[in-house]
Amino acid sequence: MATPVSDFTIPLAEASASSGYSERHLRRLVETSRLPAAKLRGKLLFAPEDIRALTVPQPVEPDADRIIADLVANAPRFSEAQRSRIAAVLASADSEEVSA
């Protein structure tokens with residue numbers, strides 16, 4: 001659902017000061033559709049919750065399954081000898097971590 005235009009109350013300069021981002025960076029975020037904004041009489045306005053969201057750290061969750069799937073999809077075909085060697089290297093790395 002789109003944010004009503006009346007919710008865009010923070011002018012660009014104030015948004016820049018409160019978020020810590022430059023006006024240029026905020027304009028870039030708007031141009032790339034990563035930050036909603038409205039124009040009123042030629043002035044760029046932002047919704048308070050969108051500016052607050054810029055300053056809240058976002059948790060990063062590793063997506064190991066997706067990374068592994070991407071690696072498998074893009075990996076070349078290995079011979080049995082190459083697969084065995086890779087497995088041995090990974091196994092030795094695991095055992096080094098355990099003994100460290």
Side-chain angles (χ1 to χ4, degrees):
M1 182 193 305
T3 305
V5 174
S6 61
D7 288 353
F8 292 92
T9 58
I10 299 179
L12 179 60
E14 185 180 330
S16 175
S18 64
S19 70
Y21 290 105
S22 69
E23 291 184 16
R24 181 178 177 189
H25 182 69
L26 293 176
R27 286 181 188 278
R28 195 175 307 120
L29 292 176
V30 171
E31 290 167 5
T32 58
S33 300
R34 296 186 329 198
L35 179 63
K39 271 197 172 182
L40 182 62
R41 292 185 218 122
K43 294 185 180 190
L44 205 52
L45 299 172
F46 300 91
E49 62 273 7
D50 293 330
I51 298 305
R52 276 193 299 276
L54 288 174
T55 62
V56 175
Q58 302 298 314
V60 177
E61 296 181 24
D63 189 359
D65 291 336
R66 182 189 54 77
I67 293 169
I68 292 168
D70 288 347
L71 285 171
V72 170
N74 294 309
R77 298 236 182 248
F78 293 109
S79 69
E80 185 59 39
Q82 290 169 322
R83 287 195 297 272
S84 294
R85 186 170 176 208
I86 291 168
V89 168
L90 292 174
S92 70
D94 286 342
S95 65
E96 288 175 11
E97 287 180 18
V98 172
S99 63

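Nothing here was measured: the structure is a model prediction, and the numbers come from that model. This chain uses plain numbering: 1 for the first residue, then up along the sequence.
By the criterion of side-chain heavy atoms lying less than 4.5 angstrom apart, applied directly or through intervening Ile, Leu, Val, Met, Phe, Trp or Tyr residues, Ile10 is grouped together with Val30 in one hydrophobic cluster.
Atom-to-atom distance recorded for Asp50:CG and Asp7:CG is 9.5 Å, nearest 0.5 angstrom. Atom CG of Leu40 sits about 11.5 Å away from atom OG1 of Thr9, to the nearest 0.5 Å.
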Intermediate values then yes/no, side chain to side chain contact (heavy atoms under 4.5 Å, CB included), Leu29 and Tyr21: CA-CA 10 Å; Leu29 292 176; Tyr21 290 105; 5.6 Å; no
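The only member of Thr32, Leu35, Leu12 that meets side-chain contact (heavy atoms from CB on, under 4.5 Å) when paired with Arg27 is Leu12.
Residues Phe46 and Ala15 share a closest heavy-atom pair of CD1-CB, 3.6 Å. Arg77 and Gln82 get closest at one heavy-atom pair: O-OE1, 4.3 Å. Taking both residues in full, the closest heavy atoms of Glu23 and Ser16 are given as N-OG, 3.5 Å, listed atom of the first, atom of the second, then distance.
Distance alone, capped at 3.5 Å, is enough to place a donor-acceptor pair between the Arg83 side chain and the Phe78 backbone. A donor-acceptor pair under 3.5 Å is formed between the side chain of Ser84 and the backbone N or O of Glu80.
Within the 4.5 Å cutoff, no side-chain heavy atoms of Pro11 are placed close to those of Leu44. With a 4.5 Å cut-off on side-chain heavy atoms, Ile86 and Val89 do not count as touching.
The pair Arg28-Glu31 fails the salt-bridge criterion, with no side-chain N (NZ, NE, NH1 or NH2) lying under 4.0 Å from an Asp/Glu carboxylate O.
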